Amino acid sequence: MVALQQIAEHPASVDPAGMTIDARGVSHRFELHGAPLPVLDGVDLRVEPGEFVALLGPSGCGKSTLLRLIAGLEPPSRGRILADSRPIQGPDPSRVVVFQDPTLYPWRTVRDNVALGLEARGLLRSQGHRIDEALALVGLTGFAKAYPHQLSGGMAQRAALARALVNDPRLLILDEPLGKLDSLTRLTMQSELVDLWRRAGFTALLVTHDIEEALFMATRVIVFSERPAKVTADLRIDRDYPRHRGDPVLTELRHAILELLGLAGTW
Amino acid sequence: MSVNDTAAGLMAEDGGAEGEALSASGIRARFGLAAAAGLWFAAAAVTALWPDSDPDAWPRTGEFASLLVVAGGALVLALPFSLSGVARWKPVTDRLVAAVPWLVVLALGLIGWEILTAKLNLLPRPFFAPPQALLEVYLDDWPRLLDCFAASLKLLFTGYAIGAALGIVTGVAIGWSRAVGYWVHPVLRLIGPLPATAWLPIAFFAFPSSWSASVFLIALATGVPVTILTWSGVAGVNSAYYDIARTLGASQRFLVLRVAVPAAMPHVFVGLFMGLGASFAVLVVAEMLGVKSGIGWYLQWAQGWAAYANMYAALLVMALVCSGLVTLLFRVRDRLLAWQKGMLKW
Ligand SMILES: Nc1ncnc2c1ncn2[C@@H]1O[C@H](COP(=O)(O)OP(=O)(O)O)[C@@H](O)[C@H]1O
Ligand SMILES: [Mg+2]
């Protein structure tokens, strides 16, 4: 993990590596078949620098929508979202998203996909070395020249992660990034993501449908209600890293969360 | 005997079996090539030894027979190469061997054509020319044919390049900008389905020269499919591609040039192929009706003089040129879209 050290040693700015996110009374609605569809209902959420916050909630409750708002891809219908005390105006490379689908550009090689952010900001020349570091970090050095259709699902998701990390984000937004991977790859990548986060010090926001994943990785778990999403619980996970999946405290918490999601009887 | 030894032994045996199979197929290939060569020699013999029904009509019968001998001779010369097993020759000889059925059928077809026309005179004369009449055209009229093809290619390239470039730009603009879409879409819907040749009378009247009018028509014929397909390509780009680029700090310019255009490229090429086909059609018609040069004009001129052999000769070269251009476009596409899986081979 030499490359990782190097990335951590070159912070993008003088601010702490992690970003503060402060969502205040955020509501959002879509139009569906001409009728308004409220998706978020007065969400208040403050994330401190360097926290790893997992968002849990029923499918379709609005978790991805909240992440899109924080990424700046859409403005909220109501409420304010502050990044480091400044209102979010639009997307910014300090807040990078990794989606459930890797969505690599099929016409670019893995290396050129990872280079995307630097290229878009005209930093290829000055920071090109970071591309190889990021590829090494996710273990794809040998596949730099491969095209996305030549990668397995796990490798493609690693490439997407490298594409995000190369920008040295201060907020890493993860929208079910491991959701489509086989369970073995998934467990490995959970550990790798945690390592990465602990070394680089960015703030992480993770949406997942896997309670164990949330408890294994996050410092805090937020539970949302059915759509329109409201925060129903905010649990602090005070366990040291590296964590153990069989930790009885985590098992307790898992039970509590299942209960919050109305699934207590199934366990 | 260790496992490795066994494996090596097995492999040696395999290799031996394969060698034998190769030589068996090699014998078949040699037989096929020899048969094809024999048929080409037979075609030469029929042409040269069986006197023409009209001894004065086709002065190039001898040359045509020589050409057939050369073809047969080339096949005979290829025989040792196809058997040598030298890796360097393998791609060429493999293709030759694969073409044996075609070589046989072609030789038989030439023999039949020769007998039906020059030898027995069974087909109405001016309309059905024997192969030596086509050869006569190539040998005697090649300067004019060459001029015509040069003129045609110049016209085609000018019109096609303008049409393709404008089509891509317009398609991207419609797909990208609501305002452009609002104004251009209805026009495209109205005018797009109209065959470009329908504009011919107006174009020849409105443009200063018939050449510029023809460029316009070819550009139009090319531009419409390229525009529509580029547009549909841009409109169909996965919106997640844009989300990704935007969160990474991409500008509008980057989104258009580095995301929308490459993502739409497979569609653009479909449009370019359609445009190429349409441009051939418009080229010939425009040359027949307006521009007094080029291959379309040559065809019409030949027909006017009942010089059917000239017409067939020109048609044959034209088919080769058009096919060559399509092949060229496929090559360009294969190179640019190498990232796609399962592409159609031309
Ligand atoms: N662009 C959109 N237009 C209309 N409805 C949308 C749009 N995006 C999401 N929705 C709806 O908003 C709700 C929440 O979606 P999402 O945030 O993706 O849920 P999840 O919590 O599963 O990530 C869903 O019912 C979805 O259908
Ligand atoms: Mg979601």
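Hydrogens, waters and symmetry mates play no part in the numbers below; they use all other heavy atoms, side chains included. Quick note on labels: first sequence line is chain A, next is B, and so on, each numbered from 1. If you're wondering where the values come from, they're calculated on a predicted model, not measured in any experiment.
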Colleague: At a heavy-atom separation under 4.5 Å, does A:Glu119 approach chain B through its side chain, its backbone, both, or neither?
Modeller: both
Colleague: Restricting to side chain to side chain contact (heavy atoms under 4.5 Å, CB included), what partner residues turn up for B:Ala278, sequence neighbours left out?
Modeller: B:Ala221
Colleague: Which residues in residues 227-253 of chain B have any heavy atom lying under 4.5 Å from a heavy atom of chain A?
Modeller: B:Asn238, B:Ala240, B:Tyr241, B:Asp243, B:Ile244, B:Ala245, B:Arg246, B:Thr247, B:Leu248, B:Gly249, B:Ala250
Colleague: Going by ring pair (Phe, Tyr, Trp, His ring centres under 6.0 Å), name the pairs with one or both residues in residues 245-286 of chain B, residues two or more places apart or in two chains.
Modeller: B:Phe273-B:Phe330
Colleague: Any idea which of A:Pro148, A:Ala160, A:Gly122, A:Gly117 has the most non-hydrogen atom pairs under 4.5 angstrom with chain B?
Modeller: A:Gly117
Colleague: If you count the non-hydrogen atoms of other residues, nucleotides and ligands that lie under 6.0 Å from CH2 in B:Trp89, is the total more than 12?
Modeller: no
Colleague: If you count the non-hydrogen atoms of other residues, nucleotides and ligands that lie under 6.0 Å from OH in A:Tyr147, is the total more than 12?
Modeller: yes
Colleague: Check whether A:Leu104 gets within reach of chain B through its side chain, its backbone, both or neither, counting any heavy atom under 4.5 Å.
Modeller: backbone
Colleague: So which atom in A:Pro106 and which in B:Trp339 form the shortest heavy-atom distance, rounded to 0.1 Å?
Modeller: O-CB, 3.2 Å
Colleague: Is A:Arg163 close to chain B through its backbone or its side chain, or both, or neither, when contacts mean heavy atoms under 4.5 Å?
Modeller: both
Colleague: Looking at residues at least two apart in the chain, or sitting in another chain, which of them share a ring pair (Phe, Tyr, Trp, His ring centres under 6.0 Å) with A:Phe99?
Modeller: none
